[in-house]
Amino acid sequence: MQTKELEELVRTIRRQKAEGQTVEVKAAHDGCPQRLYDTLSSFSNQDSGGTIVFGLDERADFSLVGVYDLQDLQKNVMEQCNQMEPPVRAVFTSAEIDGAAVCSAEIPGLDFSQRPCYYKGKGSTKGSYIRVGDGDLLMTDYELYSFEAFRKHLHDDERPVERASMDT
């Protein structure tokens, strides 16, 4: 993302006063958000990925609050990215808007064969998320199984049923 694209994205978010399927807003004026794992996971687990925008406060009507320290924020976000399996490789862009520093972290979507991306500290069953609208939801057992079945080339509808016979 170019600086101009980040500036336009911030204007759009502030005008619409909304996040979305591929956009998450975090204030970050008092420090790095401590728990980005759910958003890192959910963006990584969708084809389009997503963008986290730091420096807007959703609770204050998406007002521009800036970030506390661009360098430290990026370092802390990368530390959280490295706690994901597989590790997330964010791409950062920063800009100054009306005297406030804002930063974006673009989270690429993983190839289907590498999903689910999850927080290592909770494991795949408790640390895998999907994005629904503007929220991150814990994956269901069925969703997790779908990824595993794809990876292992399982075709439940083609597996023999040992106790079944052709006799009627």
Side-chain angles (χ1 to χ4, degrees), residues 1-111 114-140 143-144:
M1 173 180 299
Q2 300 293 319
T3 303
K4 295 287 183 200
E5 293 171 305
L6 175 57
E7 292 169 352
E8 181 58 35
L9 178 59
V10 168
R11 280 193 292 277
T12 300
I13 294 167
R14 294 184 72 198
R15 186 175 54 251
Q16 294 177 349
K17 297 188 185 310
E19 297 174 314
Q21 187 70 32
T22 59
V23 177
E24 176 76 19
V25 170
K26 299 288 183 185
H29 59 289
D30 290 331
C32 182
Q34 295 298 308
R35 199 175 146 244
L36 297 172
Y37 310 118
D38 50 353
T39 302
L40 294 172
S41 172
S42 68
F43 282 166
S44 296
N45 289 326
Q46 65 183 10
D47 294 339
S48 57
T51 303
I52 305 171
V53 178
F54 300 95
L56 297 176
D57 191 346
E58 180 181 6
R59 293 181 182 161
D61 208 27
F62 293 91
S63 63
L64 189 61
V65 294
V67 299
Y68 71 103
D69 180 321
L70 285 169
Q71 186 80 12
D72 190 60
L73 173 69
Q74 291 176 47
K75 181 177 99 31
N76 283 299
V77 170
M78 279 312 305
E79 286 174 5
Q80 290 187 54
C81 288
N82 286 331
Q83 294 177 36
M84 305 300 291
E85 184 61 44
V88 172
R89 299 297 179 231
V91 177
F92 294 96
T93 303
S94 59
E96 187 172 318
I97 301 172
D98 298 334
V102 295
C103 181
S104 68
E106 292 176 85
I107 310 303
L110 289 174
D111 185 82
Q114 293 182 295
R115 297 178 195 173
C117 177
Y118 61 91
Y119 171 51
K120 288 190 258 187
K122 290 196 171 190
S124 63
T125 56
K126 299 280 188 208
S128 298
Y129 290 82
I130 59 168
R131 187 79 173 178
V132 179
D134 66 352
D136 304 309
L137 300 179
L138 193 60
M139 279 190 182
T140 64
E143 289 162 333
L144 288 168

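Counting from 1, the numbers follow the sequence of the chain as shown. As the structure is a computational prediction, the values presented were derived from the model and not from experiment.
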With side chain to side chain contact (heavy atoms under 4.5 Å, CB included) as the test, would you mind laying out the steps for T22 and Q46 before giving the verdict?
CA-CA 9 Å; T22 59; Q46 65 183 10; 3.8 Å; yes
L56 versus L64: any side-chain heavy-atom pair under 4.5 Å?
yes
Has Q34 got a side-chain atom pairing as donor or acceptor with C32's backbone, closer than 3.5 angstrom?
yes
Does the N45 side chain pair with the main chain of I130, one donor and one acceptor, at a distance under 3.5 Å?
no
Which pairs with one or both residues in residues 22-43 pass salt bridge (Lys or Arg N to Asp or Glu O under 4.0 Å), sequence neighbours excluded?
E24-K26, E24-R131, R35-D38
Heavy-atom pair with the smallest gap, counting every atom of S41 and C117
OG-O, 2.7 Å
When rounded to the nearest 0.5 Å, the distance separating CD1 of I107 from OG1 of T39 is 9.0 Å
Measure the shortest side-chain to side-chain distance between D69 and L73 over non-hydrogen atoms and say whether it is less than 4.5 angstrom.
no
Contact summary for V102 and L70, nearest pair of heavy atoms:
O-CD2, 4.0 Å
Specify the closest pair of heavy atoms between Y37 and M84, including all atoms of both residues, with the distance to one decimal.
O-CE, 3.6 Å
Please report the closest heavy-atom contact between F62 and V25, naming both atoms and the distance.
CE2-CG2, 4.1 Å
Taking it one step at a time, do S104 and L9 satisfy side chain to side chain contact (heavy atoms under 4.5 Å, CB included)?
CA-CA 10 Å; S104 68; L9 178 59; 5.6 Å; no
Donor-acceptor pair, side chain of E106 and main chain of M1, under 3.5 angstrom
yes
Just wondering, do Y118 and L144 contact through their side chains at under 4.5 Å, heavy atoms?
no
Look at K4 together with E8 and state whether they make a salt bridge at an N to O cut-off of under 4.0 Å.
no
All pairs passing side chain to side chain donor-acceptor pair (under 3.5 Å) where residues 84-98 contributes a residue, at least two apart:
N82-R89
How many angstroms lie between atom CG of N76 and atom CD of Q74, to the nearest 0.5 angstrom?
10.5 Å
How would you list, by chain and number, every residue that makes a side-chain contact (heavy atoms from CB on, under 4.5 Å) with D47, sequence neighbours excluded?
R115
Which pairs with one or both residues in residues 55-64 pass salt bridge (Lys or Arg N to Asp or Glu O under 4.0 Å), sequence neighbours excluded?
K17-D61
Output the distance between atom CD (Q80) and atom CD (Q83), rounded to the nearest 0.5 Å.
6.5 Å
Could you list the residues that satisfy ring pair (Phe, Tyr, Trp, His ring centres under 6.0 Å) with F92, not counting sequence neighbours?
none
Taking all non-hydrogen atoms of both residues into account, name the closest pair between A95 and T3 and its distance.
CB-CG2, 3.6 Å
Among all residues two or more places apart in sequence or in another chain, which pass the side-chain contact (heavy atoms from CB on, under 4.5 Å) test with K122?
Y119, K126
Looking at side-chain heavy atoms only, is the closest gap between F43 and I52 below 4.5 Å?
yes
Please report the shortest heavy-atom distance between A27 and V65, naming the atom on each side.
O-CG2, 3.8 Å
